[in-house]
S.K.: 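Before we start, here is the structure in question, set down as structure tokens.
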Amino acid sequence: MEIRVPVTHNFSFKRTALSHGWCELLPFEFEQEGWRLLRVIDLGAQRPVSVSITGAKQSLVLNVRQGLGKRAAAKVVQDVRHMLRLDEDLTEFYSAMSADDEFAWIERQGAGRLLRSPTVFEDVVKAITTTNCSWALTVKMVTGLVQSLGLEAADGRRSFPTPQAMAEAPLQFYTDVMRAGYRAPYFKELAERVACGELDVEGWLSSDLPTPALKREMKQVKGVGDYAADTLLRLIGRYDGLALDSWVRGKFARVRGRGRAATDEKIARYYSRFREWRGLALWCDMTRDWLEEEAAV
DNA sequence: GCGTCCAGGTCTACC
DNA sequence: GGTAGACCTGGACGC
């Protein structure tokens, strides 16, 4: 079954799919040769489905190896629109970037949309797996989690586990199977709080709280500190945080500092002119070389 | 083969 | 509110 989803003129599928590391974490899979993004989408009571997403002229092409009912097809399209941020209005951001010669490439290439998960819960779990470890260990942790607790689609791939499934898993699962180390109790506690309704992380998407207050709320979750909270804020569409980590500091030194390390204050000063868009401007600046200009379109 | 360092940080106790 | 030290894991590196 094929579904076509129209996109706006300034949307780049390649720049969005490859916007950060999420495309490498199950239940996402990314094939750069052929530029195909795979995603297992949860359909609630029904078995999850694997969806192949490719970019075409002014549209996305979704392929599912089975027929879908009206409601299931609508859920697939809704999740894809959310993940690739098709409904996000970046007009103001592009206007700010186009006013600066060094950042004008961002609108030309349709960059600035950061791939996210269908649920905030999944993004919180993944953000915690990125802290204080190598990327290889992040991949290992997420793979173990999805392969063990996710529901199986018809092709054998698995969906991201629900808060309920994670809450029911014993603490030993997180240490022995997921290899989460000291983070193990954080995942267990997060899943339990979300599953029982005590913590509404999905509500962060539409929260009226000012960003500093929302960030404080995010940091109430064990395992979420400054970096992880800034990452999550960016994923829900608030771009004033810089989410500085060792990778960004190193990249800034290479790209903007002629190889010399800069303090966090200096990095913040550099992007301060972009005000509420500074976090997104920084991320685009740091990832510009991930894709050649001609290849981005 | 073994020890050390460190990676896309955070938590807690202490001051 | 600021800071030091502990914390899991696993790959890279030096010896």
Side-chain angles (χ1 to χ4, degrees), chain A residues 17-26 28 30 114-117 122-148 166 169-193 199 201 212-236 238-239 241-257 259 261-268 270-271 278-291:
Chain A
L18 204 58
S19 52
H20 62 131
W22 259 213
C23 65
E24 295 176 29
L25 298 179
L26 294 179
F28 283 113
F30 182 60
L114 304 179
L115 184 68
R116 60 182 169 183
S117 307
E122 181 180 328
D123 281 338
V124 177
V125 171
K126 285 179 172 173
I128 296 174
T129 67
T130 65
T131 58
N132 196 28
C133 65
S134 61
W135 181 250
L137 184 55
T138 297
V139 173
K140 191 181 173 77
M141 281 189 269
V142 174
T143 300
L145 178 66
V146 171
Q147 300 288 29
S148 303
M166 285 182 64
L171 186 61
Q172 203 176 1
F173 163 79
Y174 295 98
T175 52
D176 297 356
V177 179
M178 189 179 170
R179 312 298 291 169
Y182 69 92
R183 306 168 195 81
Y186 303 163
F187 293 122
K188 176 83 174 157
E189 183 183 312
L190 167 68
E192 285 173 348
R193 291 179 65 199
L199 177 65
V201 293
L214 184 56
K215 183 172 176 177
R216 279 196 296 277
E217 190 174 314
M218 289 173 164
K219 288 173 69 176
Q220 295 299 305
V221 174
K222 289 267 181 67
V224 176
D226 276 325
Y227 156 76
D230 278 350
T231 298
L232 289 168
L233 284 167
R234 213 153 56 183
L235 292 175
I236 66 166
R238 302 199 192 203
Y239 302 111
L242 298 180
L244 297 179
D245 55 24
S246 55
W247 183 83
V248 169
R249 293 183 185 104
K251 191 68 186 279
F252 183 88
R254 291 194 296 279
V255 173
R256 296 290 175 192
T263 62
D264 289 359
E265 291 72 24
K266 187 175 177 184
I267 298 174
Y270 186 82
Y271 297 99
R278 56 188 178 269
L280 192 52
L282 171 146
W283 187 254
C284 290
D285 198 26
M286 296 297 95
T287 58
R288 179 178 185 174
D289 60 359
W290 284 10
L291 208 53

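Just so it is clear, the structure is predicted and the values come from calculations on it, not from any experiment. Atom set for the values below is all heavy atoms of this structure, side chains included, hydrogens, waters and symmetry mates excluded.
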S.K.: How many Å lie between CH2 on A/Trp247 and C1' on B/dC6, as a whole number?
M.R.: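 Value for this atom pair: 18 Å.
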S.K.: Are A/Trp135 and B/dG8 stacked, counting the six-membered base ring, centres under 5.5 Å, planes under 30°?
M.R.: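 A/Trp135 vs B/dG8: stacking yes.
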S.K.: Tell me if a side-chain donor or acceptor on A/Arg116 pairs with a main-chain N or O of A/Leu235 at a distance below 3.5 Å.
M.R.: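 Present.
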S.K.: Under 4.0 Å, counting only non-hydrogen atoms across every strand here, what does A/Ser134 touch: a base, just sugar-phosphate, or nothing?
M.R.: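 Contact class for A/Ser134: base.
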S.K.: Across the strands shown, which category fits A/Arg183 at heavy-atom distances under 4.0 angstrom: base, sugar-phosphate, nothing?
M.R.: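 The answer is base, as A/Arg183 lies within the cut-off (heavy atoms under 4.0 Å) of a base atom.
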S.K.: Using atom P in both nucleotides, what's the gap between B/dG8 and C/dC13 to the nearest angstrom?
M.R.: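 To the nearest whole Å, 13 Å.
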S.K.: Classify the nucleic acid contact of A/Val221 as base, sugar-phosphate or nothing, counting any heavy atom under 4.0 Å across all strands shown.
M.R.: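 Sugar-phosphate only.
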S.K.: Considering Watson-Crick and G-U wobble pairs with both distances under 3.5 Å, what does B/dC14 pair with?
M.R.: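 The base-pairing partner of B/dC14, which may sit in any strand shown, is C/dG2.
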S.K.: With no hydrogens and no angle check, just 3.5 Å: does a side-chain donor-acceptor pair link A/Tyr270 and A/Asp285?
M.R.: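 Checked: A/Tyr270/A/Asp285 side chains show no N/O donor-acceptor pair below 3.5 Å.
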S.K.: Find out whether A/Arg183 and A/Thr129 are in side-chain contact, i.e. whether some heavy atom of one side chain is under 4.5 Å from a heavy atom of the other.
M.R.: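 A/Arg183 vs A/Thr129: side chains apart.
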S.K.: Rounded to the nearest Å, what distance is computed from the CD atom of residue A/Glu24 to the P atom of nucleotide B/dG8?
M.R.: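 It is 12 Å, rounded to the nearest whole Å.
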S.K.: Rounded to whole angstroms, how far apart are CZ on A/Arg234 and C1' on B/dG8?
M.R.: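 After rounding, the gap between these two atoms is 10 Å.
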S.K.: Quick check on B/dG9: is either OP1 or OP2 less than 4.0 Å from any side-chain nitrogen or oxygen of A/Ser246?
M.R.: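 For B/dG9, OP1 or OP2 has a side-chain N or O of A/Ser246 closer than 4.0 Å.
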S.K.: Give a yes or no answer on whether the side chain of A/Thr231 reaches the backbone of A/Ala243 with a donor-acceptor pair at less than 3.5 Å.
M.R.: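 Pair absent, no side-chain N/O of A/Thr231 close to backbone of A/Ala243.
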S.K.: For A/Lys219 and A/Leu137, find the nucleotide of DNA chain B closest to each by heavy atoms; which residue's nucleotide sits nearer the 5' end?
M.R.: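 Taking each residue's closest nucleotide, the earlier one in sequence belongs to A/Leu137.
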S.K.: What interatomic distance, in whole Å, is found between C1' of C/dA6 and the corresponding atom of B/dC6?
M.R.: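 After rounding to an integer number of Å, I get 15 Å for this pair.
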S.K.: Please lay out, stage by stage, how A/Asp226 and A/Lys219 fare under the test side chain to side chain contact (heavy atoms under 4.5 Å, CB included).
M.R.: CA-CA 7 Å; A/Asp226 276 325; A/Lys219 288 173 69 176; 2.8 Å; yes
S.K.: Does a side-chain N or O of A/Lys126 approach OP1 or OP2 of B/dG8 to a distance below 4.0 Å, or not?
M.R.: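 The answer is no; no side-chain N or O of A/Lys126 sits under 4.0 Å from OP1 or OP2.
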S.K.: Let me know the distance between CE of A/Met141 and P of B/dA7, rounded to the nearest Å.
M.R.: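 In whole Å, B/dA7 P lies 15 Å from A/Met141 CE.
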S.K.: Any base atoms under 4.0 Å from A/Val224, or only sugar-phosphate, or nothing? Heavy atoms, all strands.
M.R.: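 Touches sugar-phosphate only.
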S.K.: Between C/dT9, C/dC7, B/dG8, spot the one nearest the side chain of A/Arg179, thanks.
M.R.: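 Ranking C/dT9, C/dC7, B/dG8 by closest atom to the A/Arg179 side chain puts C/dT9 first.
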S.K.: Between C/dC7 atom C1' and A/Tyr182 atom OH, what is the distance in whole Å?
M.R.: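 It works out to 7 Å between those atoms.
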S.K.: Specify the separation, in whole Å, of atom CD1 of A/Ile267 and atom P of B/dG8.
M.R.: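 After rounding, the reported distance stands at 15 Å.
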S.K.: Would you say the side chain of A/Tyr227 and the base of B/dG8 hold a donor-acceptor pair, judged only by whether the two atoms sit under 3.5 Å apart?
M.R.: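 It does, because a donor-acceptor pair links the side chain of A/Tyr227 to the base of B/dG8 below 3.5 Å.
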S.K.: Under 4.0 Å, heavy atoms only, any strand: does A/Ala184 hit a base, just the sugar-phosphate, or nothing?
M.R.: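 Touches nothing.
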S.K.: Measure from CZ on A/Arg254 to P on B/dG8 and round the result to the nearest Å.
M.R.: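 So the CZ-P distance, A/Arg254 to B/dG8, works out to 10 Å.
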S.K.: Without decimals, in angstroms, what is the distance between A/Gln172 CD and C/dC8 P?
M.R.: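 Rounded to the whole Å, the gap is 15 Å.
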S.K.: Check whether any side-chain heavy atom of A/Val248 sits under 4.5 Å from a side-chain heavy atom of A/Leu282, and report yes or no.
M.R.: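 Heavy-atom side-chain distance check passes, below 4.5 Å.
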